[in-house]
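Note that this is a predicted model, so its numbers are computed, not measured. Count residues from 1 along the sequence.
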Amino acid sequence: MFEILVKEFREHKKFVLAYVAVCVFAAFFFGPFLSDVTPHAALASEGAEAELLSEGDTLLTLNDMILGGTFRRLAGNYSSVIGLSAEPFTGLLFLGIMQNIDKLSGNPLRMPEVPVGHPAVLAVVLVCFVASKFMKANESTKVFGICTLGYLEKFLGTVCVVVIGILSVVGVATGLGTATVNAAAPGEIATTAGHYAVGVVSAIFAVFMAIMSLIVNYIVKTVMLGLDALQGLLSFIPLSGVVCEFLKSFLVLTIFMINVAYPPAGYVVNILVFVICCLLFRACYDPAQYLKKIYIQPFFAGIFGYKEDYPLVKRHIPHRVKKRFKENLSDIKAVIPMYTIKKPRKFDLKLRLYERVWMVCFENESGILFRKYNGERNAFYVLKSTEEAPVYLRKGFRFFELYTHRVYHDGKVHKFPRKEMDFVFTREYRYRFDELIALTGWVNVNEEKVSRRQQKKEERKQAILQAKETVAEWWTDKIAKVKGFFLKDKEPIPVEADYSEDMFFEEQANL
């Protein structure tokens, strides 16, 4: 899990560092520095206008402010992070409805004003919620829903968590910064060292909680995306999508209601849900990446146009590839991430569903880099295409596919072959597909289908011509037989001539 978090941090380093920088700036600017120029209203104790507190009482008061009030305030601010990370549309819809109910009933819950509470914004969220649920519940539109409103939902959830983190840092830093100055008694300023010490502690604590909220958001979001991918395995069960979407929304609403009705129980529930997500994170990470790399990213690439120069070897080579080919990195021509969509039938190759492997190509050989094979870690399995055991590359509508057929004990592939290994990779390599075929020497399924189709057309034409010739010969033979039947054993009928040649000449002489 920590290895994955480190890898994701490296990929999104700029965003994370910018977020941390904003939080740190807000914490220190609104904390001890801002407290020097703003009026202070926080007192050590109510009604103690003339009584001075001892040094020990002052420390106890500061301790209660930091560990007591600050913790409760932060827990309240971050109580919606779990729900917003899991299903942002559901969470925002609930918050908007509860805010309007709270406003109409006299504000007993003291909920802060948020934009989602506005009727127009709430109506948009409601439409997005219904449309998203409808598409995800229907198996025929599930992938489209995940790539459109589902992607917007995950992005919106992250934005909400980031805003909550920054606002919480500002609020806590401002409250502690002003309270620290007048902690001893009204009108008495605490020492400069104590002032800045408590301000720094409060700032660090607030920034830490903001960073943790971003980590929680990523873990919960990844688990939910992985569950969306695994949900497709239940598509053969009628109404499975409807049941799954209902259960997810019901659980998220339950978490929100517990946090609103009884906050202490809400803290426990949030921690419990986060622990469960941490346990499921490793199992859901690969399915989530499969859904993201194979469907979501190619969907947007298809809208904005595929890159003709999409790199076969990216700038950051994967760690496993570096570890396996550390001496031959310069010879690598292609490194492509692939995901298994069918467990291999080879008994010595154990892969999880949607597990990521790497297609690695050199000039002389190409193959697959597995996490573990035959007891060897980072094992490279060379794939050579032969007439007896060809290796296929297929350009499909949803993804590109690499697969092999099962070779039986007799060394042949049967008439109805079964796939032995089946991997898919993104359609973003659309303009590099022919180059991959030339580089690997594997069979281009699309060209083979075209050639087979042309061959079948030629065979069909030849069969039609042969059939026509056969029919013509048959009819010719039949006609000949019929003629022979009518002319059989019939002699020419002799005709008696009553006017001969001699008679003709004789008549001419008389004239």
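In this view, V143 and C147, Y295 satisfy the side chain to side chain contact (heavy atoms under 4.5 Å, CB included) rule, not counting sequence neighbours. Every residue two or more places apart in sequence or in another chain was checked for a side chain to side chain contact (heavy atoms under 4.5 Å, CB included) with A283, and none qualifies. Not a single side chain to side chain contact (heavy atoms under 4.5 Å, CB included) links A123 to another residue, sequence neighbours left out. Partners of K293 under the salt bridge (charged side-chain N to carboxylate O under 4.0 Å, His left out) rule, at least two apart in sequence or in another chain, do not exist in this structure. Residues passing the side chain to side chain donor-acceptor pair (under 3.5 Å) test with Q231 are K142, sequence neighbours excluded. The salt bridge (charged side-chain N to carboxylate O under 4.0 Å, His left out) search around E11 returns K7, not counting sequence neighbours. Taking the salt bridge (charged side-chain N to carboxylate O under 4.0 Å, His left out) definition, one finds that E355 meets it with R371, sequence neighbours left out. Checked against side chain to side chain contact (heavy atoms under 4.5 Å, CB included), V130 has the following partners two or more places apart in sequence or in another chain: L126. Looking at residues two or more places apart in sequence or on another chain, you find no salt bridge (charged side-chain N to carboxylate O under 4.0 Å, His left out) involving R324.
A distance-only check finds a donor-acceptor pair linking the side chain of Y19 to the backbone of A210 [under 3.5 Å]. A side-chain donor-acceptor contact under 3.5 Å links N259 to the backbone of I255. Side-chain N or O atoms of N138 include none that pairs as donor or acceptor with a backbone N or O of F134 at under 3.5 Å.
For Y306, the OH atom counts as densely surrounded, since its 6.0 Å shell holds more than 12 non-hydrogen atoms of other residues, nucleotides or ligands. Atom CZ of R10 is surrounded by 12 or fewer heavy atoms from other residues, nucleotides or ligands within 6.0 Å.
Applying the side chain to side chain donor-acceptor pair (under 3.5 Å) definition to pairs two or more places apart or across chains, those involving residues 356-370 are K333-E363. Residues in residues 148-167 take part in these ring pair (Phe, Tyr, Trp, His ring centres under 6.0 Å) pairs, two or more places apart or across chains: Y151-F300.
Here the side chains of L214 and V162 are in contact, with some heavy-atom distance below 4.5 Å. For the pair K133/F89, no side-chain contact is recorded, criterion being any heavy-atom separation below 4.5 Å from C-beta on.
Between Y429 and F400, the gap from one ring centroid to the other reaches at least 6.0 Å.
Only one option out of I82, V216, V252, L251 pairs with V273 in a side chain to side chain contact (heavy atoms under 4.5 Å, CB included); it is I82.
Taking the six-membered ring for Trp and thresholds of 30 and 60 degrees, F256 and F94 have ring planes inclined between 30 and 60 degrees apart. Aromatic ring pairs are classed by plane angle as parallel below 30°, tilted from 30° to 60° and perpendicular above 60°; the pair F362 and F380 is perpendicular.
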Counting only pairs under 3.5 Å, give me each side-chain donor-acceptor contact of residues 219-229, with atom names and distances, residues two or more places apart or in other chains.
unit_1: K221; atom_1: NZ; unit_2: T158; atom_2: OG1; d: 3.1
unit_1: T222; atom_1: OG1; unit_2: Y218; atom_2: O; d: 2.7
unit_1: D228; atom_1: OD1; unit_2: K248; atom_2: NZ; d: 2.6

